[in-house]
Amino acid sequence: MIKFLILILGLVFAGTPYNQKKVLVLSDNPAVYVSHSQFFNLLSKTYRVDYKNIQSNTFNLQLFGEWQYDHLVLFSTTNDLKVSTQELLDFYDSGRNILLLGSTDQSKYFRKFLNSFGLDMHEYGTSVIDYFNNIKGNHNIVTTTNVNILKVDKPVVHQGAGLAMTPYETFQVYGLVRGSETAFSGSNLSHNIIYVGATQGRNNARFVATGSWEILSDEYLNNSNLGNFELTQEIIRWGFGQSKILKAENLIHRRLDSDDIKPYNYRLREDCYFSIDIFEWDYQKDQWIPYVSTDNDVILEFVMLDPYYRVPLKKGQGAKYELSFKIPDVYGVFQFKINYLKPGYTFLKIAEKITVRPFRHDEYGRYLVQAYPYYFSSFGTMAGFVVFLIAFLLNK
């Protein structure tokens with residue numbers, strides 16, 4: 001009876017919110033819980049949310065060596081966080097995600113923290129201005145349709161400071177929402193203005209930063225003509241690891257004429273078959289679905305010190321990507337390697353080591369085409385000797 005009750009309690013608690021991932025929200029302004037109620041409602045639908053004051057000492061990111069939260073939301077202010085920036089970076093390095101809502105007057109603490117992710121806030125007191133793309137002629141409330149990676153179909157409104165890359169954009173740091181061509185902020189022109197920036201670490205942890213709080217406020221989220229509500233949903237999904245998540249499995253390589261999977265070695269110039277299954281997480285269906293690359297950019301490298309082959313894999317049935325090729329005429333230790341670094345998606349790094357051996361003595365052909373000149377010279381020498389011998393013996 002006791003075991004049965006324990007089982008029932010376990011099933012009940014497994015379906016409660018206590019089974020969800022935890023988000024810590026830090027702010028020193030209680031008004032944000034009213035002005036950003038839509039944002040917090042979206043958060044609480046998927047996560048357990050704890051709200052703490054930035055100046056509070058009543059929370060611990062880490063306790064007894066265990067991280068207490070899976071994600072972190074920071075509302076930057078003129079005050080410094082009680083937690084050191086190094087502890088925040090350790091939180092990120094552990095594979096957890098951070099969302100930073102910036103402001104033009106945020107403290108040096110938050111500016112320095114932002115710099116750690118390849119992003120920089122514009123000068124103190126500046127705000128983005130756009131005389132052509134704005135709301136009701138107010139050039140400080142600007143609009144843009146320049147959204148990357150995230151799926152937003154309507155114009156996005158931004159009010160506040162802009163961000164910039166430091167020093168340049170890479171495959172790990174990029175602008176999710178950029179300013180229009182007519183936007184500027186102080187000495188920063190449109191191509192340097194970012195409203196929402198992001199960084200994805202090599203451990204696939206994600207960091208998202210906005211130039212202002214207002215971009216996620218109820219004032220713009222409640223306007224059905226704007227894309228800020230869609231943007232907020234996308235930021236939560238992407239930033240907290242619900243969308244554009246890839247995984248690879250079922251790596252297979254074999255000789256083309258054999259069913260022996262993953263042999264220890266291959267011979268020079270053998271025909272080889274390689275395949276791998278790549279899946280993408282579908283947060284709507286709550287399951288893994290086959291990943292479809294529209295750019296033909298899943299590249300297989302066959303590497304010793306340098307790649308001997310670097311060729312795109314062909315899309316097969318379902319989640320399969322496959323390729324047949326001939327082993328090069330070089331023996332040594334090689335690797336099948338995939339280093340898939342598509343912006344916005346989690347990185348796939350796969351390597352499988354194999355050995356390429358030379359021909360054994362009994363695997364060579366009886367007569368080699370390359371040796372025909374030597375064959376002819378040998379038989380020619382013998383024929384010449386016979387002719388000379390006959391001529392010598394018959395010569396009186």
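When side chains are defined from C-beta on, Val142 does not count as touching Thr144, because their heavy atoms never get closer than 4.5 Å. At a threshold of 4.5 Å between non-hydrogen side-chain atoms, the residues Leu348 and Ile278 count as touching. At a threshold of 4.5 Å between non-hydrogen side-chain atoms, the residues Asn204 and Phe347 count as touching. Proximity of Thr346 to Lys247: side-chain heavy atoms (C-beta onward) are nowhere separated by under 4.5 Å. The closest side-chain heavy-atom distance from Glu234 to Ile149 is not below 4.5 Å. Within the 4.5 Å cutoff, side-chain heavy atoms of Ile135 are placed close to those of Thr143. The shortest side-chain heavy-atom distance between Asn296 and Pro312 falls under the 4.5 Å cut-off. Between Leu176 and Val147 the shortest side-chain heavy-atom distance does not fall below 4.5 Å.
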Please step through ring-ring contact (aromatic ring centres under 6.0 Å, His included) for the pair Tyr92 and Phe117, ending with a clear verdict.
CA-CA 10 Å; Tyr92 177 80; Phe117 295 93; 4.8 Å; yes
Can you check side chain to side chain donor-acceptor pair (under 3.5 Å) on Asp105 and Ser103, steps first, answer last?
CA-CA 6 Å; Asp105 58 349; Ser103 62; 3.1 Å; yes
Applying side-chain contact (heavy atoms from CB on, under 4.5 Å) to Leu43 and Val73, what does each step give before you reach the verdict?
CA-CA 10 Å; Leu43 268 184; Val73 178; 4.3 Å; yes
Could you walk me through whether Phe392 and Phe385 pass the ring-ring contact (aromatic ring centres under 6.0 Å, His included) test, one step at a time?
CA-CA 10 Å; Phe392 180 80; Phe385 177 74; over 10 Å; no
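If you take CD on Gln284 and CD1 on Ile289, they are separated by 9.0 Å, rounding to the nearest 0.5 Å. Here the OG-CZ distance, from Ser217 to Phe39, works out to 11.5 Å after rounding to the nearest 0.5 Å. With rounding to the nearest 0.5 angstrom, the OG atom of Ser275 is 8.5 Å from the CD1 atom of Ile261. Expressed to the nearest 0.5 Å, how far CD1 of Ile338 lies from CG of Leu313 amounts to 5.0 Å.
Remark: Lys21 is not positioned above the aromatic ring of Tyr47, lacking an NZ or CZ atom under 6.0 angstrom from the ring centre and at most 45 degrees off the axis. The side-chain tip of Arg357 does not point at the ring of Tyr331 from less than 6.0 angstrom away and within 45° of straight on. Both tests hold for Arg111 against Tyr124: distance to the six-membered ring centre under 6.0 Å, angle to the ring axis within 45°.
Under 4.0 Å is where a charged nitrogen must lie from a carboxylate oxygen, and between Lys108 and Asp80 no such pair does. Ionic pairing of Asp70 and Lys22 is not present here: no N-O contact between side-chain nitrogen and carboxylate oxygen is shorter than 4.0 angstrom. Between Asp257 and Arg255 no salt bridge is recorded (no basic side-chain N to carboxylate O distance below 4.0 Å). Between Asp329 and Arg269, at least one side-chain nitrogen of the basic residue sits less than 4.0 Å from a carboxylate oxygen of the acidic one, meeting the salt-bridge criterion.
The environment of CG in Asp362 is crowded: more than 12 heavy-atom neighbours from other residues, nucleotides or ligands sit within 6.0 Å. Counted within 6.0 Å of CD on Glu66, heavy atoms from surrounding residues, nucleotides or ligands total 12 or fewer; the atom is thus considered open. The number of heavy-atom neighbours closer than 6.0 Å to CZ of Phe359, taken from other residues, nucleotides and ligands shown, is above 12.
Hydrophobic clustering, with ILVMFWY side chains joined whenever heavy atoms are under 4.5 angstrom apart, groups Leu89 together with Leu26. Residues Ile141 and Ile193 fall into different hydrophobic clusters, defined by Ile, Leu, Val, Met, Phe, Trp and Tyr side chains chained together at heavy-atom separations under 4.5 Å.
In terms of heavy atoms, Leu221 sits closest to Ile215 at CD1-O, 3.9 Å. Here the closest non-hydrogen pair linking Tyr109 and Leu88 is OH-CD1, 3.4 Å. Of all the heavy atoms in Ser107 and Asn79, the pair that sits closest is OG-O, 3.6 Å. Considering every non-hydrogen atom in both Gln159 and Tyr220, the closest pair reads OE1-OH, 2.8 Å. Between Ser94 and Arg96, the closest heavy-atom pair is OG-NH1, 3.1 Å. Shown here for Asn140 and Ser127, the closest heavy-atom pair between the two residues is OD1-OG, 3.6 Å.
The backbone N or O of Leu101 sits less than 3.5 Å from a side-chain atom of Ser76, completing a donor-acceptor pair.
Residues meeting the side chain to side chain contact (heavy atoms under 4.5 Å, CB included) test with Lys353, sequence neighbours left out: Val333, Gln335.
Applying the side chain to side chain donor-acceptor pair (under 3.5 Å) test to residues at least two apart or on different chains, the pairs with a partner in residues 304-317 are Glu301-Arg310.
Using cut-offs of 30° and 60° on the angle between ring planes, the pair Phe75 and Phe40 is tilted. Aromatic ring pairs are classed by plane angle as parallel below 30°, tilted from 30° to 60° and perpendicular above 60°; the pair Phe184 and Tyr131 is tilted. In this structure, Tyr33 and Tyr51 have perpendicular ring planes: the angle between them is above 60°, well past the 30° mark. Using a 30° and 60° split on the angle between ring planes, Phe302 and Phe336 fall in the tilted class, from 30° to 60°.
If you look at His71 and Phe240, their ring centroids are closer than 6.0 Å. A distance of 6.0 Å or more separates the ring centres of Tyr69 and Phe59.
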